[in-house]
Amino acid sequence: MGKVTFLPSGKSIKARPGQSMVSAAAAARVVIPQRCGGHASCLMCRVVLESGELSPPSALEKRKMPERDLAEGVRLGCQAKATGKDCTVRIPENRLKSVVQAALERQRKENEE
């Protein structure tokens with residue numbers, strides 16, 4: 001069993017080889033958003049492999065994801081599986097959350113001036 005670390009939370013868990021990143025994340029109490037229940041149809045569960053190793057992209061994942069994203073380590077959490085080796089996976093921040101945080105930061109700076 002390899003250790004999977006999820007960023008930005010930093011939570012880690014020992015994952016069984018073949019266990020999906022969505023399943024490992026749930027066991028670590030880390031939320032990877034998804035709507036399709038692991039069928040690679042909603043594409044919401046994108047994660048980025050920061051280091052280590054995951055299973056090679058499945059045929060379904062290759063069909064759904066742009067080659068450039070796969071080459072850059074972007075994977076579908078429902079399709080990417082643990083290999084038994086340690087890895088670190090980043091869960092991209094929600095876009096709406098990023099926009100709200102940027103607006104709050106701008107407002108904070110304006111109030112300081």
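As the structure is a computational prediction, the values presented were derived from the model and not from experiment. Hydrogens, waters and symmetry mates play no part in the numbers below; they use all other heavy atoms, side chains included.
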Measuring only between side-chain heavy atoms, which start at C-beta, is [X] closer than 4.5 Å to [Y]?
X: Ile91; Y: Leu7; answer: no
X: Thr5; Y: Cys87; answer: no
X: Leu76; Y: Leu43; answer: yes
X: Ile32; Y: Val47; answer: yes
X: Arg46; Y: Met65; answer: yes
X: Val89; Y: Val48; answer: no

For Cys78 against Ala40, the heavy-atom pair lying closest together = SG-N, 3.7 Å
For Ala82 and Ala15, work out which heavy atoms get closest and say how close.
-> CB-CB, 3.8 Å
Quick check: are there more than 12 heavy atoms from other residues, nucleotides or ligands sitting under 6.0 Å from CZ of Arg68?
-> no
Around atom CD of Glu105, are there more than 12 heavy atoms of other residues, nucleotides or ligands at under 6.0 Å?
-> yes
Quick one: pull up [atom1] in [X] and [atom2] in [Y] and give me the separation to the nearest 0.5 Å.
X: Lys62; Y: Leu70; atom1: NZ; atom2: CG; answer: 8.5 Å
X: Gln79; Y: Ser55; atom1: CD; atom2: OG; answer: 8.5 Å
X: Asp86; Y: Lys3; atom1: CG; atom2: NZ; answer: 6.5 Å
X: Gln34; Y: Ser20; atom1: CD; atom2: OG; answer: 8.0 Å
X: Glu113; Y: Arg108; atom1: CD; atom2: CZ; answer: 10.5 Å
X: Cys45; Y: His39; atom1: SG; atom2: NE2; answer: 11.5 Å

Does the distance from a Lys or Arg side-chain N to an Asp or Glu carboxylate O, for Asp69 and Arg75, drop under 4.0 Å?
-> no
Would you call Lys109-Glu112 a salt bridge at under 4.0 Å N-O?
-> no
Transitive ILVMFWY side-chain link Ile13 to Leu49, under 4.5 Å | yes
Hey, is the main chain of Ala71 close enough, under 3.5 Å, to the side chain of Glu67 for a donor-acceptor pair?
-> no
Can any side-chain N or O of Glu110 pair as donor or acceptor with the backbone N or O of Gln107 at less than 3.5 Å?
-> no
